[in-house]
Amino acid sequence: QGGWDYYVDPKNKIAYVRITNFTDTSAAELNKAIDDMGDNINGMILDLRDNPGGLLVAAIDVCDKFLDSGVIVSTHPDRETQNAPTVNSAKPDRNEFHKPLVVLVNQYSASASEIVSGALKDDHRAILVGERTFGKGSVQMTFPLADGSARLKLTTSHYYLPSGRCIHREENSTTWGVDPD
């Protein structure tokens, strides 16, 4: 009838939401979906499978919907640089979603989706189901060449989960990404 049916299990009021990438509207769309579900929801499945990532600010805002405190993600430079380390934390407000949460991930969940799934796992806010994520945790900046003809993309730092684990997969890495529960 022209509306969304968010319930994968209508009898038990278990909702299903899929985020296919993180854009400037992702958090607002998630908030609207949760508002549309009403107060009867008993839990949610958040599907981040095959999500290649997107905007860091969108990942932080999505995490903030489920967390009321604590570190979401931090960055640490790989070498001497003008960029200082950063820490992004959840902010308490009255709109957090506190019901049980399961996050689905796979080997193609990358970057911003790894930040979200990793923060929710490290905070013991969600159970992760699936496969280890891709391991794309590099922070890149572009620099113009002197003549202005092109730009150079350079990795300047990496993303770290609240636990201190680096998301990025380096050559010969044995640990990377986010492991499911």
Side-chain angles (χ1 to χ4, degrees), residues 1-75 86-137 159-165 167 177-181:
Q1 298 180 349
W4 288 96
D5 179 4
Y6 295 103
Y7 292 103
V8 68
D9 183 345
K11 180 181 174 191
N12 292 305
K13 297 289 185 186
I14 305 299
Y16 172 88
V17 174
R18 177 159 191 203
I19 299 177
T20 57
N21 59 1
F22 288 89
T23 68
D24 56 355
T25 61
S26 296
E29 290 171 355
L30 175 64
N31 288 335
K32 183 177 179 342
I34 291 171
D35 289 346
D36 288 351
M37 292 175 214
D39 294 330
N40 296 328
I41 185 172
N42 290 324
M44 180 188 296
I45 298 168
L46 179 63
D47 192 346
L48 300 179
R49 293 174 298 177
D50 301 311
N51 180 320
L55 299 174
L56 174 62
V57 68
I60 292 167
D61 289 346
V62 166
C63 279
D64 211 13
K65 183 64 179 179
F66 302 107
L67 300 171
D68 56 14
S69 65
V71 172
I72 294 172
V73 65
S74 62
T75 64
T86 64
V87 176
N88 294 280
S89 299
K91 296 173 275 320
D93 61 39
R94 294 181 301 201
N95 295 323
E96 275 93 13
F97 181 84
H98 291 289
K99 306 284 176 102
L101 181 63
V102 171
V103 178
L104 304 179
V105 294
N106 67 6
Q107 64 184 353
Y108 303 111
S109 303
S111 192
S113 60
E114 293 176 286
I115 290 168
V116 171
S117 59
L120 296 175
K121 178 182 179 177
D122 282 2
D123 195 66
H124 306 286
R125 178 59 190 89
I127 294 173
L128 268 60
V129 176
E131 303 170 294
R132 179 171 29 185
T133 62
F134 185 80
K136 200 293 187 177
Y159 291 118
Y160 290 82
L161 298 176
S163 65
R165 179 175 176 170
I167 296 172
V178 182
D179 293 315
D181 292 305

Spacing of [X] atom [atom1] and [Y] atom [atom2] [to the nearest 0.5 Å]:
X      : Y      : atom1 : atom2 : answer
His98  : Arg125 : NE2   : CZ    : 7.5 Å
Phe97  : Met37  : CZ    : CE    : 7.0 Å
Tyr16  : Met44  : OH    : CE    : 12.0 Å
Lys136 : Ser109 : NZ    : OG    : 14.5 Å
Ile115 : Phe22  : CD1   : CZ    : 9.0 Å
Leu120 : Leu128 : CG    : CG    : 7.5 Å

Is the backbone N or O of [Y] less than 3.5 Å from a side-chain atom of [X], with the two atoms forming a donor-acceptor pair by type?
X      : Y      : result
Arg165 : Gly177 : yes
Asp64  : Ile60  : no
Tyr159 : Ala112 : no
Arg49  : Glu131 : no
Asp122 : Ser163 : yes
Ser26  : Asn21  : yes

* Can you spot which of Asp47, Asn51, Asp50 makes a side-chain hydrogen bond (donor to acceptor under 3.5 Å, both in side chains) with Asn106? => Asp50

* Could you walk me through whether Val62 and Ile19 pass side chain to side chain contact (heavy atoms under 4.5 Å, CB included), step by step? => CA-CA 10 Å; Val62 166; Ile19 299 177; 4.2 Å; yes

Of the non-hydrogen atoms in [X] and [Y], which two are nearest, and what is the gap between them?
X      : Y      : result
Thr133 : Glu114 : OG1-OE2, 2.6 Å
Gly53  : Ser111 : CA-CB, 4.1 Å
Ile127 : Asp181 : CA-OD2, 3.3 Å
Ile72  : Ala119 : O-CB, 3.5 Å
Ala59  : Val116 : O-CG2, 3.5 Å

* **Neighbour count above 12 (heavy atom, 6.0 Å) for Phe134 CZ** => no

* Asked: Any Lys/Arg nitrogen of Lys65 or Asp61 sitting under 4.0 Å from an Asp/Glu carboxylate oxygen of the other?
  -> no

* Heavy-atom distance under 4.5 Å between the side chains of Trp4 and Val17, does that happen here? -> no

* Asked: Would Ile41 and Tyr7 satisfy side chain to side chain contact (heavy atoms under 4.5 Å, CB included), going step by step from the backbone distance to the final call?
  -> CA-CA 9 Å; Ile41 185 172; Tyr7 292 103; 4.0 Å; yes

* Structure fact -> Checking Leu104, Ile167, Val178 against Ser117 for side-chain contact (heavy atoms from CB on, under 4.5 Å), the one that qualifies is Val178

* side chain to side chain contact (heavy atoms under 4.5 Å, CB included) assessment of Leu161 paired with Lys121 -> CA-CA 10 Å; Leu161 298 176; Lys121 178 182 179 177; over 6 Å; no

